[in-house]
Amino acid sequence: MDANPDGDLIVNDFNIQIATVNGSGSQSANMVLMRSIFQMGIPVSGKNLFPSNIAGLPTWFTIRASKDGYTARKAEIDFMVALNPQTARQDAASVRPGGALLADEALGLKGVRSDISCYEAPFMKLAAEVTSDSRIRKLLANMVYVGILGRLLSIDPREIEKGVEKQFRSKSKVVELNLRAVKTGYGYASDRLVKADNFVLRPMDKTRGKIIIDGNGAAALGAVFGGCTVVTWYPITPSTSLVEQLIDYMRSYRIDPATGKATFAVVQAEDELAALGMVVGAGWAGARAMTSTSGPGLSLMSEFAGLAYFAEIPAVVWDIQRVGPSTGLPTRTSQGDILSAWCLSHGDTRHIVLIPSTVEECFIFAQEAFNLAEKYQTIVFCMSDLDLGMNNWVSNEFKYPDDIPIDRGKVLSREDIEKLQKFSRYLDIDGDGIPFRTIPGNGHPAAPYFTRGSGHDIAAEYSESPEAYTALMHRLNRKITGAADSIPQPVICERGSSVGIIAYGSTDHAIGECRDKLRRMYGLETDYIRIRGLPLNGTVASFLHHHDRNYVVEQNRDGQMRMILAAEFPEAADRLYPVLHCTGIPIDAGFITNEIIRLQRHE
Amino acid sequence: MDANPDGDLIVNDFNIQIATVNGSGSQSANMVLMRSIFQMGIPVSGKNLFPSNIAGLPTWFTIRASKDGYTARKAEIDFMVALNPQTARQDAASVRPGGALLADEALGLKGVRSDISCYEAPFMKLAAEVTSDSRIRKLLANMVYVGILGRLLSIDPREIEKGVEKQFRSKSKVVELNLRAVKTGYGYASDRLVKADNFVLRPMDKTRGKIIIDGNGAAALGAVFGGCTVVTWYPITPSTSLVEQLIDYMRSYRIDPATGKATFAVVQAEDELAALGMVVGAGWAGARAMTSTSGPGLSLMSEFAGLAYFAEIPAVVWDIQRVGPSTGLPTRTSQGDILSAWCLSHGDTRHIVLIPSTVEECFIFAQEAFNLAEKYQTIVFCMSDLDLGMNNWVSNEFKYPDDIPIDRGKVLSREDIEKLQKFSRYLDIDGDGIPFRTIPGNGHPAAPYFTRGSGHDIAAEYSESPEAYTALMHRLNRKITGAADSIPQPVICERGSSVGIIAYGSTDHAIGECRDKLRRMYGLETDYIRIRGLPLNGTVASFLHHHDRNYVVEQNRDGQMRMILAAEFPEAADRLYPVLHCTGIPIDAGFITNEIIRLQRHE
Amino acid sequence: MSETLNHIGLRLQDYKGKDSTLCAGCGHDAITSQIIRAFFEYGVDPARVIKLSGIGCSSKTPAYFLSRSFGLNALHGRMPSIGTGAVLANRRMIAIGVSGDGDTASIGMGQFVHLMRRNVPMIYIMENNGVYGLTKGQFSATAEEGAKLKTGVTNELPAIDCCIMAIELGCGYVARSFAGDPKQLVALVKGALGHRGTAFIDVLSPCVTFNNHEGSTKSYKYLKESEELLHEIGFIPYYEQISVDYPAGSAKVVELHDGSRLTLNKLEKEYDPTNQPEALRRIREANVTGEVLTGLLYIDTSKPGFVESLNLQDEPLAILPAEKARPSREALREIMEQLK
Amino acid sequence: MSETLNHIGLRLQDYKGKDSTLCAGCGHDAITSQIIRAFFEYGVDPARVIKLSGIGCSSKTPAYFLSRSFGLNALHGRMPSIGTGAVLANRRMIAIGVSGDGDTASIGMGQFVHLMRRNVPMIYIMENNGVYGLTKGQFSATAEEGAKLKTGVTNELPAIDCCIMAIELGCGYVARSFAGDPKQLVALVKGALGHRGTAFIDVLSPCVTFNNHEGSTKSYKYLKESEELLHEIGFIPYYEQISVDYPAGSAKVVELHDGSRLTLNKLEKEYDPTNQPEALRRIREANVTGEVLTGLLYIDTSKPGFVESLNLQDEPLAILPAEKARPSREALREIMEQLK
Ligand SMILES: Cc1ncc(C[n+]2csc(CCOP(=O)(O)OP(=O)(O)O)c2C)c(N)n1
Ligand SMILES: Cc1ncc(C[n+]2csc(CCOP(=O)(O)OP(=O)(O)O)c2C)c(N)n1
Ligand code: SF4
Ligand code: SF4
Ligand SMILES: [Mg+2]
Ligand SMILES: [Mg+2]
């Protein structure tokens with residue numbers, strides 16, 4: 001291998017997709033690949049497209065290197081690694097013209113496409129050079145392609161080596177075996193393959209000091225550093241890994257070194273009703289409590305969400321959104337629960353909703369969520385999604401949260417009550433709609449109150465009085481509306497265009513790229529507002545008013561945020577244009593660009 | 001008693017409120033009173049305001065006689081009957097100036113107000129003349145006030161007699177005892193009370209051939225005549241009486257006379273999750289199945305609602321709305337679940353929602369709901385409320401539903417499949433988004449399919465394909481959107497005004513009166529559109545566009561229908577003005593009138 | 001009497017709550033009195049108690065005792081989960097949960113089972129009347145097979161025996177009693193106060209308004225005329241509380257308000273409540289003969305507590321100081337290094 | 001073999017479903033084969049069968065058998081309610097429900113209990129692996145106390161024995177078996193086909209991927225090096241199905257894929273499954289010694305069926321003709337008169 005036919009190199013700007021089956025153990029290989037590119041200083045992102053199944057069904061892992069720092073999915077596939085007989089033909093077909101294919105010899109894909117560069121390798125045979133155990137051979141075949149790609153794409157072998165060491169931590173035997181497989185692949189490529197494609201990786205300096213983490217890990221860390229004390233959960237993809245990582249971090253960092261005792265409790269509940277029930281019980285009793293779930297669990301949490309809202313009990317719920325309705329596509333991404341979360345439960349309810357776009361925001365919002373839940377004494381939903389939560393992202397190092405002190409909100413201590421003499425649980429003293437609360441164990445005889453999800457008055461006494469009810473409902477509304485200025489504010493990029501883009505959550509990753517495309521390809525300058533939470537405030541309203549056309553980009557079918565915007569800002573409702581992507585696959589910049597251009601032309 | 005001080009009589013246009021405690025057995029007395037007025041040919045309505053409690057707390061029953069046929073609550077109280085020591089002072093205070101008060105002597109209210117006519121009577125003593133049993137005395141005291149009112153308001157004694165007979169059916173001893181109590185009251189009034197107020201009832205001819213029924217009874221009847229076969233439920237106020245009446249009707253009219261066997265199954269489920277689960281299982285297996293619930297139950301039904309939507313299984317849910325959020329005010333009325341029902345469950349879901357305003361519509365929609373559920377193979381919500389469902393209303397006799405044939409929708413029989421040769425459960429042959437289905441037991445080997453709430457293709461095979469998913473979601477959307485023209489259409493009263501009123505459900509009863517008030521008192525002519533279901537169609541849109549100002553009148557805090565309207569018709573969103581009543585007490589025309597006038601002035 | 005102080009210097013009065021709004025004669029009110037007395041006699045500090053409940057007439061009762069304690073009246077059937085959460089937040093509080101038979105055995109069955117399995121430290125009182133009182137008298141899952149409602153509806157399904165369930169699920173303190181047996185009930189609640197895991201007490205608590213336990217055929221008849229009148233819609237008659245006192249090892253027939261009879265059978269003093277199979281045998285035997293076996297049915301103090309198995313710190317998590325609630329700067333640095 | 005016809009003239013092939021997508025060696029696939037065989041041998045008409053399930057690896061399996069039958073794969077933990085509804089709609093169909101231990105004993109506990117109590121006519125197979133397979137191996141409520149996951153997590157909570165629960169709740173056909181015991185399982189499923197009420201079969205079904213039943217200390221060790229490698233994230237090894245055959249009245253130790261051991265103890269031929277207390281005693285005894293008692297544990301064919309107690313007509317409600325589904329004109333007139 002050596003010569004590149006034409007000198008037209010594509011440097012640090014392409015993606016690699018590995019097509020395999022789940023259960024084949026390719027995840028480590030893919031992580032090593034991604035990490036090696038990362039270590040070369042090149043912005044990189046990885047996305048795992050996997051089935052709702054344990055073993056044997058098609059899985060695709062895509063790594064995108066982007067010198068421009070684009071981290072969204074790219075629709076075209078530049079470089080395909082085909083290992084799965086079930087999908088081999090389609091996989092080969094899905095490579096963009098001019099792209100490349102590395103296929104297992106056994107798939108017989110040789111010559112299947114003339115418009116792409118094709119490579120073949122006998123993965124199993126090469127792995128057999130490393131081990132005689134047939135099961136391990138299957139595993140090591142994955143490392144073989146890492147080696148081959150390393151050579152074909154000019155990845156620094158030392159970085160691969162470091163990547164393998166990092167991946168398998170201290171297990172030296174394992175490291176050694178894997179490295180041997182990598183080298184075998186590398187050697188095979190050097191000896192037998194002739195570089196025919198244009199893709200190449202060159203060291204940059206864009207990842208120094210950065211970390212790789214998934215959103216669920218970041219949220220877990222946020223909870224650990226945010227003073228979370230009670231975590232309840234019920235397993236559900238894609239939220240499971242949030243709590244599983246949280247347990248690990250808690251065990252490492254939240255055991256009191258003095259006593260060896262846990263400063264947290266994690267309980268696997270019997271279902272989501274109980275999970276939120278425990279959170280509400282714990283929140284009422286003074287814990288910073290949270291649970292994590294996905295769509296079906298959210299639905300089951302409806303009734304308790306209403307109780308938390310109405311009885312004003314702090315609670316935090318992470319919803320790692322997947323594709324609904326119903327069981328839907330459990331391993332695909334979506335932003336389909338926004339509307340549900342915003343008004344979850346019967347009756348008139350409104351909840352504070354935080355929507356992180358990045359892993360860093362997962363870390364930060366996980367902490368803010370507790371502060372907001374306690375400040376506003378209500379339930380707070382953090383809306384992540386499978387793409388953000390389960391995929392690996394390069395991020396700035398997380399800063400120690402000196403600027404996010406653990407804030408318990410309006411809690412009256414025994415001494416406070418001593419001074420005040422009396423206490424009314426639901427009395428709005430400050431006019432901000434937020435009453436004061438006490439925590440069981442307070443000790444002062446005036447501190448206790450008996451609360452409920454039924455009608456009650458300011459003293460928390462049972463009441464069916466229409467006046468007490470109406471006053472309560474309006475106060476609650478004032479309280480939640482008032483939170484609009486305390487939640488993470490929208491992030492705005494405004495350059496005076498008349499075209500605005502509105503997006504939120506993981507969709508953000510495609511927006512920057514899309515705006516660049518619009519500018520470069522179509523000369524269309526756009527402004528951008530990224531919503532980071534609900535309720536919305538005047539900032540959003542004025543953005544809408546400043547733009548003749550506002551494209552609301554969402555990963556759901558019904559334009560859920562557009563619906564909320566229209567209802568909140570009816571005067572601007574006719575300036576909203578939905579751009580909706582609902583396939584379960586993360587949205588890409590090309591799609592948004594095309595949609596906006598199409599809609600602009602229909603102007 | 002006799003003379004009326006001034007001749008300024010108020011004939012057939014006032015209300016009577018009986019203030020007592022629950023558990024005192026006044027319900028029959030109030031029914032007799034209402035029925036007597038009804039029998040006199042006077043339009044009448046009755047509203048029971050009761051606590052969430054079994055015995056001993058304040059209860060108010062209000063009977064409104066209205067020659068104009070106004071059936072909504074009236075804010076002012078004309079004639080108060082005070083029997084409850086706990087509330088006696090407030091009750092007396094709540095009578096409008098110029099009104100009247102009949103109080104138990106024991107309450108010591110004599111002379112408490114000089115601006116109203118006050119009567120006193122020793123109810124218990126009078127009842128003691130009829131019986132010596134102390135418990136029965138308490139009961140009969142209620143009939144005593146019926147007698148007194150009869151005399152004071154000139155109710156035809158024969159009508160009271162008939163009313164008592166009707167109320168206690170054949171139980172002659174009971175009838176006799178009650179009649180004696182009535183007569184005692186009547187006699188007391190004749191002998192000892194001097195008519196001092198202006199209220200009088202005069203026979204009319206406006207109730208001939210009419211019936212008295214509550215909305216829950218009407219809905220139950222609709223289900224019985226609508227071919228309902230499986231009913232599951234879990235008790236919850238105010239929906240309980242729907243199923244309890246349904247059981248009675250089913251037992252009387254849906255036992256096959258030939259076999260003595262039931263043509264229906266009613267199951268009290270262990271909770272609402274199971275109740276809807278059974279409905280979905282039964283609907284899938286071919287039954288016309290329904291359940292009935294209220295807010296908390298609706299929340300618990302979220303997850304199953306999504307399954308029914310996504311797997312396309314017919315189901316009918318009655319939600320007799322009460323005040324939320326959470327347990328809220330279980331015995332008070334509300335329209336607070338509209339938004340929840342419209343998009344119940346996570347993911348992108350949209351449901352067909354029917355909203356009856358009258359008991360007759362309860363009867364009709366209960367039948368239509370099954371036809372729509374089977375036609376569209378989806379879950380249908382019927383949104384009644386406590387006011388409509390549990391209060392007694394005068395109505396036209398229900399017509400035999402010749403125009404609502406039992407329609408099973410696109411069901412393929414064994415023979416159909418024989419002809420077609422093949423069958424794809426989720427194939428949209430007709431382009432209306434509605435596929436064909438088969439029912440277990442079909443017998444044809446090609447008929448069976450295996451369905452689920454997970455992703456699936458047109459053959460009902462499991463699928464995670466983005467294309468299959470997107471196609472399915474768009475078809476579902478087309479299907480539900482397409483239902484807009486098949487559901488009960490909006491009822492429009494248009495006279496070319498630029499001011500429109502939008503309302504739905506039990507709110508309707510106050511609208512006619514309000515429009516009359518607006519016209520008479522303020523010279524404001526209004527147009528009116530009554531929404532009877534979701535999804536909305538062009539008829540609603542054009543109404544909005546034809547009016548500069550559209551007042552959306554609702555009995556909830558958040559303006560839930562306004563939110564839906566704004567989202568559906570963004571171009572008209574800025575013409576929507578919320579008029580919201582959220583006290584738990586049925587809305588009254590005066591409130592709406594004042595609100596509209598206030599908003600008109602802020603124009 | 002009201003002057004008597006307990007060992008922490010409080011009066012009986014100090015353990016009371018708001019006035020009850022239940023029907024006169026409701027068994028639940030009797031239970032409330034017994035809870036008040038037990039907490040008073042045991043000398044529990046009300047400031048250390050949390051009261052929890054679901055929804056139902058029974059679930060209203062925590063408002064009627066211990067007004068100096070914190071309380072959370074939650075959702076129908078969900079008392080166990082909020083109780084679990086509350087105990088995790090503050091393991092130092094004494095938790096008492098009140099539920100109904102509908103609340104527990106119907107909608108709440110899942111949470112009941114899992115609370116028992118976890119052995120969450122709390123007193124769980126099920127006020128068992130066989131019906132849904134608050135929704136006006138439908139059968140609950142503890143209604144006896146063949147029981148009849150006043151409306152004439154017969155229960156076709158077998159009753160769930162929650163004591164058997166609790167024992168099978170490993171609950172370490174399982175008792176059954178009768179609302180109108182103050183001595184026994186006070187003793188059982190005091191026993192529960194001394195127990196470290198979940199203490200379950202199933203208390204038969206007649207619903208004077210809706211439950212007609214043994215079917216109308218056996219019930220005491222009023223004059224025909226009054227009876228019909230008294231079945232008037234919406235009329236709730238007044239009843240006095242029933243109170244019984246009978247020695248251990250004996251049976252007692254109680255006539256309920258509607259004239260039906262309940263046979264209570266109190267375990268003898270020598271009964272060994274640590275013998276699980278024997279406990280189950282005796283309960284089943286009584287169920288077959290239609291008697292209600294009362295007393296401490298089963299006890300096992302050796303079961304590991306839920307809080308212990310979590311290795312929880314002693315101080316309540318609810319008041320965890322910020323410095324313990326947030327790992328150090330160093331910790332974050334270490335984690336960041338691993339992620340680089 | 002595939003040419004053999006059963007008494008309704010169908011081949012074994014006719015009872016199969018789609019290809020399984022479970023892990024190679026998963027116990028659930030073995031159960032699928034046994035269901036296929038039992039239905040074939042019993043000569044059930046697939047057109048008369050409805051298949052129901054919840055969510056989980058186990059709940060996927062109805063897609064893998066009886067492709068000529070209707071099936072509904074519902075929500076996690078809710079198979080009982082959809083099964084109940086389906087049976088009401090069409091009492092002539094034979095209902096078979098498949099659930100997992102997470103699906104049944106965790107989230108589904110409430111519905112499980114109430115299905116048993118109602119005695120809804122259906123076969124209920126719980127494919128019991130002690131873990132949540134589909135969400136990658138967390139403990140379910142049937143995991144043994146002290147069991148260890150591959151990740152090292154220990155289960156601190158006692159297992160719920162669903163057979164004991166079923167018997168206590170009045171289920172009339174309760175059995176336990178092992179996925180790898182085709183003879184016994186086929187016989188039990190055939191027995192269930194003959195039963196009129198709810199037939200519950202708890203089938204131990206090893207999850208080869210996530211369950212390491214007796215904790216890693218006892219498990220067979222690969223070479224250190226390979227073991228570490230094989231614990232690679234996302235790697236699922238290939239296993240052969242386990243199959244055993246041992247006589248009634250004997251015990252058999254089965255070595256599971258990870259090297260752990262399971263002791264199966266088959267009830268002797270003379271065992272009297274109609275004796276409820278004895279059944280419970282034997283199960284409990286086995287649980288204490290850590291053995292798995294297999295066979296038909298309890299049977300009672302006298303229990304009233306749910307459908308019977310509803311006085312339901314014989315013809316399926318699903319196809320009730322319009323004239324029976326709507327009362328007459330006269331009926332409405334009569335009702336209207338009453339309301340006037
Ligand atoms: C989710 C939900 N469903 C139904 C109800 C209505 N509801 C209130 S209390 C109750 C039953 C109470 O029965 P039980 O627990 O036995 O208490 P009791 O009133 O008999 O003491 C029901 C069904 C509710 N509040 N919430
Ligand atoms: C409401 C809800 N919560 C959580 C999940 C996620 N989930 C899917 S399968 C499963 C557990 C399955 O365990 P089990 O029933 O034992 O089946 P197995 O996979 O072990 O056969 C869970 C928690 C879900 N689908 N729905
Ligand atoms: S209805 Fe029954 S349970 Fe409820 S308060 Fe009255 S007597 Fe007690
Ligand atoms: S994960 Fe376990 S239960 Fe699921 S298919 Fe694999 S072996 Fe079977
Ligand atoms: Mg009860
Ligand atoms: Mg399992």
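Keep in mind that what you see is a predicted model, and the values were worked out from it rather than measured. Residue numbers begin at 1 in each chain, while the letters A, B, ... track the order of the sequences.
Only the side chain of A/Tyr234 has a heavy atom closer than 4.5 Å to any heavy atom of chain D. Proximity to chain D (any heavy atom under 4.5 Å) is restricted, for A/Ile236, to the backbone atoms N, CA, C and O. Contacts between D/Cys26 and chain A at a heavy-atom distance below 4.5 Å are absent for every atom of the residue. In this structure, no portion of A/Thr59 lies under 4.5 Å from any heavy atom of chain D. With a threshold of 4.5 angstrom between heavy atoms, D/Thr21 approaches chain A through its backbone and through its side chain. Only the side chain of A/Glu244 comes within contact range of chain D, with heavy atoms under 4.5 Å apart. In this structure, chain D has a heavy atom under 4.5 Å from the side chain of A/Leu57, while its backbone stays farther away. Proximity to chain D (any heavy atom under 4.5 Å) is restricted, for A/Ser24, to the backbone atoms N, CA, C and O.
The closest donor-acceptor contact from the side chain of A/Gln268 to the backbone of D/Gln138 lies at 3.5 Å or more, if one exists at all.
Every residue was checked against the ring-ring contact (aromatic ring centres under 6.0 Å, His included) condition with A/Tyr145, not counting sequence neighbours, and none meets it. Under the ring-ring contact (aromatic ring centres under 6.0 Å, His included) criterion, A/Trp233 pairs with no residue at all, not counting sequence neighbours. Taking D/Phe70 as the reference, B/Tyr449 meet the ring-ring contact (aromatic ring centres under 6.0 Å, His included) condition, with sequence neighbours excluded.
In this structure the side chain of A/Thr237 never reaches within 4.5 angstrom of the side chain of D/Leu134, judged on heavy atoms. Counting heavy atoms from C-beta on, the side chains of D/Lys136 and A/Ile54 come closer than 4.5 Å. A/Pro296 has its side chain out of reach of D/Leu75: every pair of non-hydrogen atoms, C-beta onward, lies at least 4.5 Å apart. When side chains are defined from C-beta on, D/Ile107 counts as touching A/Glu272, because their heavy atoms get closer than 4.5 Å.
Listed here is the closest heavy atom pair of A/Thr327 and D/Ala74: OG1-O, 4.3 Å. Counting all heavy atoms, side chain and backbone alike, D/Arg78 lies closest to A/Leu273 at NH2-CD1, 4.2 Å.
Contact count against chain D (heavy-atom pairs under 4.5 Å) is highest for A/Asp271 among A/Asn142, A/Thr240, A/Asp271. Of the listed residues D/Thr209, D/Leu22, D/Ile236, D/Ile55, the one with more heavy-atom pairs under 4.5 angstrom with chain A than any other is D/Ile236. Ranked by heavy-atom pairs under 4.5 Å with chain D, the first of A/Pro235, A/Ala55, A/Ser26 is A/Pro235.
Below 4.5 Å, heavy atoms of chain A meet heavy atoms from D/Gly102, D/Ser106, all part of residues 98-106 of chain D.
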